[in-house]
Asker: 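After the structure tokens below, expect a handful of questions from me.
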Amino acid sequence: MTEIPKAYEPKEIEKKWYPIWEDSGYFTPKMDSDAQSFSMVIPPPNVTGYLHMGHALNHTLGDVLVRWRRMQGDKTLWLPGTDHAGIATQVVVEKQLTKAGSSRQALGREEFVKKVWEWKAHSGGTIQRQMRLEGISVDWSRERFTLDENLSRAVIEVFNRLYEDGLIYRGEYMVNWSPVMGSAISDLEVEMKEVKGHLYHIAYPIKGSDERVVVATTRPETMLGDTAVAMNPSDERYRHLIGKTVILPLVGREIPLIQDEFVEKEFGTGLVKVTPAHDPNDFEMGKRHNLPFISVIGKDGKMTSEAPSAYQGLDRFEARKRVIADLEAQGYLVKVEDHTHNVGHSERSGEPIEPLLSTQWFLNVKPLAEVALQAVRDGRTRFVPEPWTKIYVDWMENIRPWCISRQLWWGHRIPAWYTEDGQVIVARTEAEALEKYRASGGTGNLRQDEDVLDTWFSSALWPFSTMGWPTETKDLEAFYPTTVLITGFDIIFFWVARMMMMGLKFMGDVPFRTVYITPLVRTSEGQKMSKSKGNVIDPLDIFNKYGTDAVRFTLTAATTWGSDIALQDSKMEGARNFANKIWNATRFVLMNCEEVTDPEWIDTSSTPATLADEWILSRLNSAIRDFNVSLTSYRYHDAANLLYHFFWDDFCDWYIELSKPLVTAKGENPAADLARQRIIFVLEHSLRLLHPIMPYITEELWQRLPHSGESIAIAPFPSVDETRIRPEIENDMDSVIETIKKIRNIRAEWNIAPSQTVKILIGTHDAHIRNLIESNSGHIERLARVEALELHEVLPPVTAAARAVVGNIEIAVPLEGMIDFAKERERLKRDIEKSEKELGGLQGRLNNPSFVDRAAPEVVAQTRERASELTAQLEKLVQTLSFLQ
RNA sequence: GGGCGUUUAGCUCAGUUGGUAGAGCGUUCGCUUCACACGCGAGAGGUCGUAGGUUCGAGUCCUACAACGCCCACCA
């Protein structure tokens, strides 16, 4: 056993243990064990760069559970990995190419993808390193990446099966198009932003009449693609126009006036221009009324050849200006109003989305959603905290087809091939596609679809694709469904909902029993962290500053159901101080207990456990029990907090202090030997209790303590001995503690120098308490710096004394010549007032007949008991005060 | 437009079947007490957002309102 340094230096010990844990295979489940399974898959971080505080929180909360369950003896798997993150990663690499004066187009698809793989190797490596620094106990032997061979196989399999089921289809529909990225994106990737724009009122002449109708639009440039004007069928104002046609200004096209319930009579003029190719609503109307679809804006965001020649090639925003100018010049612009409205923007690239017609692959998720909805309604998957259930349910109930194809190069290429005459063949491989084609008599060549799948398509399979699906593996058998998914609320739709659908569809069961939604980590001022604000905290920086264990403890203790986490230095400092406390308490114990060789509790008939011993056992077992209860219901804050107070308050402030005389005693002394044995026992248990939250410091210290087993990471979690939880012992100890505190309080109030000892008199008619005080008088004398403690049944009237009452214990500290009677009377009066106030409340209730009748009997009994206690205390206080008159 | 969350001590937040408010930090006072000044001991500090209601009893349940924050949404 080596000397322990005085100061806790997290860096030194934190770099030591992770390689040992990992190399020893502690985090790999023993597949032959018949213990119950506990499994999680990590939300795979994007290989776009570095981990942030959100990851650190997620990983900490996950690791607390996993380490706890592993120590409980479960067959435990936490599967790590990363996500290829199609768009995000492609954008990162493209930016690098732009900087280097190149582009993906210049490189070509094959070379570009190679470049992205290089980046992935770099970024993925960084992420792995960071995860190891977090100390998380993931099974690296099962690490996965969404583009791994088997995961890609799963993607192709799923695509094929969904296609065979008719749920995946290809067709020309209105999609959210990002001109910047040159790709379609899903509804979820569109962010609505409030934009200050204008509402343009434009006059369309009625054919064969002098009358003009006025439509209002925020996007005048789309009028070039108008194929109708719509009114509400019940709108009397325009009844006379039914059946007429209008002439589209600037274009000259004759378009019908149609009637559609969609049109709100109250908005604008009650007439809507209909551009079926550039607006989702108009698209629907166009289909309902069989209108032509004229695409006037292209995928590059420029006006197409279907627009009048004057506008062709103009950027869509340039075209807007030109259209307005021309309309005005030609007298069609009636008025322009300021108008604030919401415009869809590409979440990734930031520019306004262009709704346009495009041929894409879609997944009809409705049937899958119904099953996934039912699973949550049945409670087969549960959201914690519960309110998130509604968010999930609402979205699932209103789910719309998912556009799954992306015009990118980085991702899973869509397993569809086209014949020269335009047939589509979906297959597992090109060979299979060709075979199918030949079998149907086809002779030409096949060309694979250029597009890739939405990155979330592969993420949706993560809980089972990572475990080997579609092969029926032992991992799937043992670990699917996973026990819990820990994730952020921001990806409930993107990821959680889709995993639910895919898991139920392909595994026939939910992917996880519980979804735990973490809070959001914010800055100390409660701001959201974002790169653009430049207020992002790098987890590694604060690991370095405070120690990983301290940050883990901070995050765990800050995780509550109600609110987000404001990450403040003061919290981390507090946790670091706690770690230092653990360090120094252990240092103290080890300095004195070198001869103890095993961490067992020993009672002998000659030296039975003391009150303090029984008490700390009771507190320890309560802590274990409460910790288990808290974590079982995902109450991280409670779990961390109770350990903090058990260790600091109960163990350090009281048990160590009470044990000091014996523990530090020199020479032959069996009682001292037992005391050392016992303090080691409690400390060793405490470290195991703390290990899930603070793995490094507990391992380091545990290794220096007498222990059995090679690592605390695989040591058994302390088990609860309910028989050791004893309220009567805790009450007795509380009496001793309160007595000591009262004396200390008097000392502080009367400015008695710490070096000065005092005499005290204690009076109580309660024989049990008298016995208790007597047997603990040594503790009281030492911890309250008392030189002589006199016990009485009834306290003699000593006037020159400071006084206090604890329950039925009276305390007098004779302070000859030091005491100011007036001041002491004031002090006592304050005590009396306090007691009177409480007693008044209690008696008020007891005097109320309906309280006595209607309140629960035990509540009434409790109230009576407390009232009589207070009455006795008050009597003594009043009597004491009378001594001072 | 719909929905959700938050509002408790100077600050950040706990408070799960309704029983009479807690923690950490900060603050005040006193301590180099032989594990720890990242410490020890002792204090001060709150009409629990507002207004009603239910109840013997409300921080906790119900209703309305207010402020702040978030999510969803096809009024051009």
Side-chain angles (χ1 to χ4, degrees), chain A residues 4 6-8 192 199-200 215-219 222 230 262-275 279-284 339 341-342 344 355 385 387-388 390-391 394-395 398 489-490 492-493 520 524 526 528 546 550 557-558 560-571 573-592 633 635 637-638 641 644-645 652-653 656-657 660 664 740-741 744-749 751-755 782-785 838 841-842 844-845 848-856 858-860 862-863:
Chain A
I4 299 191
K6 180 170 170 178
Y8 160 59
M192 298 307 267
L199 194 58
Y200 302 90
V215 298
T217 180
T218 53
R219 297 197 60 198
T222 63
F262 163 77
V263 181
E264 301 278 342
K265 283 187 280 187
E266 282 69 37
F267 189 87
T269 58
L271 289 174
V272 185
K273 60 188 272 312
V274 184
T275 320
D279 181 277
N281 298 309
D282 295 4
F283 175 78
E284 293 300 324
H339 183 64
H341 60 135
N342 290 317
W388 295 108
K390 187 173 156 53
I391 306 285
D394 286 352
W395 190 72
N398 298 302
F489 68 87
D490 52 328
I492 290 177
F493 307 146
L520 195 67
S524 54
K528 212 165 170 172
Y546 300 103
T560 62
W561 288 12
S563 54
D564 291 341
I565 299 172
L567 202 62
Q568 290 158 325
D569 284 339
S570 64
K571 289 181 188 167
E573 280 166 14
R576 179 205 56 194
N577 296 353
F578 180 50
N580 188 57
K581 191 75 180 175
I582 298 170
W583 185 265
N584 276 292
T586 306
R587 225 177 113 238
F588 167 77
V589 170
L590 283 176
M591 279 166 56
N592 293 289
S633 41
R635 289 195 307 255
H637 166 83
D638 289 352
N641 240 44
Y644 181 94
H645 290 291
C652 292
D653 287 353
I656 287 184
E657 292 305 326
K660 263 182 183 171
T664 57
I740 291 170
K741 285 188 161 185
R744 284 172 171 174
N745 174 243
I746 289 171
R747 297 184 59 109
E749 293 271 341
N751 292 320
I752 299 166
S755 55
R782 200 166 47 82
L783 296 181
R785 302 198 58 79
E838 195 187 340
L842 294 174
R845 263 184 283 163
N848 181 345
S850 44
F851 171 72
V852 181
D853 289 350
R854 299 195 189 188
E858 64 269 21
V859 171
V860 177
Q862 251 174 38
T863 310

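Convention: sequence-line order gives letters A, B, ...; per-chain numbering from 1. Since this is a predicted model, take the numbers as computed values, not measurements.
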Asker: Can you tell me, in whole Å, how much space there is between the P of B:G18 and that of B:C61?
Answerer: 8 Å
Asker: Please tell me which of the listed nucleotides, B:G39, B:A14, B:C71, lies nearest to the side chain of A:Thr560?
Answerer: B:A14
Asker: Is the ring pair A:Phe489/A:Trp388 parallel, tilted or perpendicular, if the boundaries are 30 and 60 degrees?
Answerer: parallel
Asker: Going by atom types only, do A:Arg845 and A:Asn848 share a side-chain donor-acceptor pair under 3.5 Å?
Answerer: no
Asker: Which distance, rounded to the nearest 0.5 Å, do you find between the CG of A:Asp638 and the OG1 of A:Thr560?
Answerer: 9.5 Å
Asker: With sugar-phosphate meaning primed atoms plus P, OP1 and OP2, does A:Lys273 contact a base, only sugar-phosphate, or nothing at under 4.0 Å between heavy atoms?
Answerer: nothing
Asker: Just how far is it from atom CG of A:Asn577 to atom OH of A:Tyr644, taken to the nearest 0.5 Å?
Answerer: 7.5 Å
Asker: Counting heavy atoms from C-beta on, name the nucleotide in B:U16, B:C72, B:A76 closest to the side chain of A:Asp638.
Answerer: B:U16
Asker: Let me confirm one number: the CG-OG1 distance from A:Asn592 to A:Thr664, rounded to the nearest 0.5 Å.
Answerer: 6.0 Å
Asker: For A:Arg635, which contact category applies under a 4.0 Å heavy-atom criterion: base, sugar-phosphate, or nothing?
Answerer: base
Asker: Any N/O pairs under 3.5 Å between the protein and nucleotides 33-35 of chain B? List them or say none.
Answerer:
residue	atom	partner	partner atom	Å
B:A35	O2'	A:Asn584	OD1	2.7
B:A35	O2'	A:Arg587	NH1	2.4
B:A35	N7	A:Lys660	NZ	3.2
B:A35	N6	A:Glu657	OE2	3.1
B:A35	N3	A:Asn584	O	3.1
B:A35	N3	A:Ala585	N	3.2

Asker: Tell me which nucleotide among B:A76, B:G24, B:A42 gets nearest to the side chain of A:Thr218.
Answerer: B:A76
Asker: Roughly how many Å is it from CZ in A:Phe851 to P in B:G19, rounded to a whole number?
Answerer: 12 Å
Asker: Does a nitrogen or oxygen in the side chain of A:Arg576 sit under 4.0 Å from OP1 or OP2 of B:C38?
Answerer: no
Asker: Could you tell me how far apart A:Arg747 (CZ) and B:G43 (P) are, to the nearest whole angstrom?
Answerer: 14 Å
Asker: I want to confirm an ordering. Mapping A:Asn745 and A:Ile565 to their closest nucleotides on RNA chain B, which one lands closer to the 5' end?
Answerer: A:Ile565
Asker: Using only heavy-atom distances, determine whether the side chains of A:Asp394 and A:Asn398 contain a donor-acceptor pair under 3.5 Å.
Answerer: no
Asker: Hey, is the main chain of A:Arg785 close enough, under 3.5 Å, to the side chain of A:Arg747 for a donor-acceptor pair?
Answerer: yes
Asker: Counting heavy atoms from C-beta on, name the nucleotide in B:A76, B:C71, B:G43 closest to the side chain of A:Phe262.
Answerer: B:A76
Asker: I'd like the P distance from B:G24 over to B:G41, given in whole Å.
Answerer: 12 Å
Asker: May I ask you to evaluate whether A:Asn577 reaches the phosphate of B:G39, defined as a side-chain N or O under 4.0 Å from OP1 or OP2?
Answerer: yes
Asker: Identify whether any heavy atom of A:Ala753 sits under 4.0 Å from a base atom; if not, whether one sits that close to sugar-phosphate; answer base, sugar-phosphate or nothing.
Answerer: nothing
Asker: Would you check if there is a donor-acceptor pair between the side chains of A:Thr222 and A:Lys273 at a distance under 3.5 Å?
Answerer: yes
Asker: Mind checking if A:Gln568 touches a base, just sugar-phosphate, or nothing, with heavy atoms under 4.0 Å?
Answerer: sugar-phosphate
Asker: Students often mix this up, so state it plainly: with edges at 30° and 60°, are the rings of A:Phe267 and A:His339 parallel, tilted or perpendicular?
Answerer: perpendicular
Asker: Give the rounded distance in Å between these two atoms: CD1 of A:Ile492 and P of B:C71.
Answerer: 12 Å
Asker: For B:A76 and A:His339 - does any side-chain N or O of the residue sit under 4.0 Å from the phosphate oxygens OP1/OP2?
Answerer: yes
Asker: Write down the distance between CG (A:Asn580) and P (B:C40), rounded to a whole number of angstrom.
Answerer: 10 Å
Asker: Rounded off to whole Å, could you give me the CD-to-P distance for the A:Glu266 and B:G1 pair?
Answerer: 15 Å
Asker: Working to the nearest 0.5 angstrom, can you tell me the gap between A:Glu573 CD and A:Arg576 CZ?
Answerer: 5.5 Å
Asker: So what is the 5' to 3' dot-bracket string for RNA chain B, if pairs are Watson-Crick or G-U wobble with both distances under 3.5 Å, crossing pairs use [ ] and | means the partner sits on another strand?
Answerer: (((((((..((((.....[..)))).(((((.......))))).....(((((..]....))))))))))))....
Asker: Rounding to an integer number of angstrom, what distance separates B:U27 and B:G45 when you compare their C1' atoms?
Answerer: 9 Å
Asker: Using the P atom as the point on both nucleotides, what is the distance between B:U50 and B:U8, in whole Å?
Answerer: 10 Å
Asker: Could you check how far CH2 of A:Trp388 sits from P of B:G3, rounded to whole Å?
Answerer: 17 Å
Asker: Rounded to the nearest Å, what distance is computed from the CZ atom of residue A:Arg845 to the P atom of nucleotide B:A58?
Answerer: 10 Å
Asker: Side chain of A:Lys571: nearest nucleotide among B:U12, B:C72, B:G24?
Answerer: B:U12
Asker: Could you give the distance separating B:A9 and B:G22 at their P atoms, to the nearest angstrom?
Answerer: 14 Å
Asker: Run the salt-bridge test on A:Lys660 and A:Glu657 with the 4.0 Å N-O cut-off and return the result as yes or no.
Answerer: yes
Asker: State which residue, out of A:Asp282, A:Thr217, A:Asn281, fulfils the side-chain contact (heavy atoms from CB on, under 4.5 Å) condition with A:Thr275.
Answerer: A:Asp282
Asker: Using the C1' atom as the point on both nucleotides, what is the distance between B:A58 and B:G19, in whole Å?
Answerer: 10 Å
Asker: So if I take every side-chain heavy atom of A:Ser563 and compare against B:A14, B:A23, B:C71, which nucleotide ends up nearest?
Answerer: B:A14
Asker: Hey, does A:Phe493 reach any base, or is it just sugar-phosphate, or nothing, if we go heavy atoms under 4.0 Å?
Answerer: sugar-phosphate
Asker: Please measure how far the C1' atom in B:A35 lies from the corresponding atom in B:G5, and state the result in whole Å.
Answerer: 45 Å
Asker: Between B:G3 and B:A44, how far apart are the two C1' atoms, rounded to whole Å?
Answerer: 44 Å
Asker: What is the distance, to the nearest angstrom, from the CG atom on A:Asn281 to the C1' atom on B:A73?
Answerer: 11 Å
Asker: Describe the nucleic acid contact of A:Val215 in one word from base, sugar-phosphate, nothing, applying a heavy-atom distance below 4.0 Å.
Answerer: nothing
Asker: Please tell me which of the listed nucleotides, B:A76, B:A42, B:G19, lies nearest to the side chain of A:Val272?
Answerer: B:A76
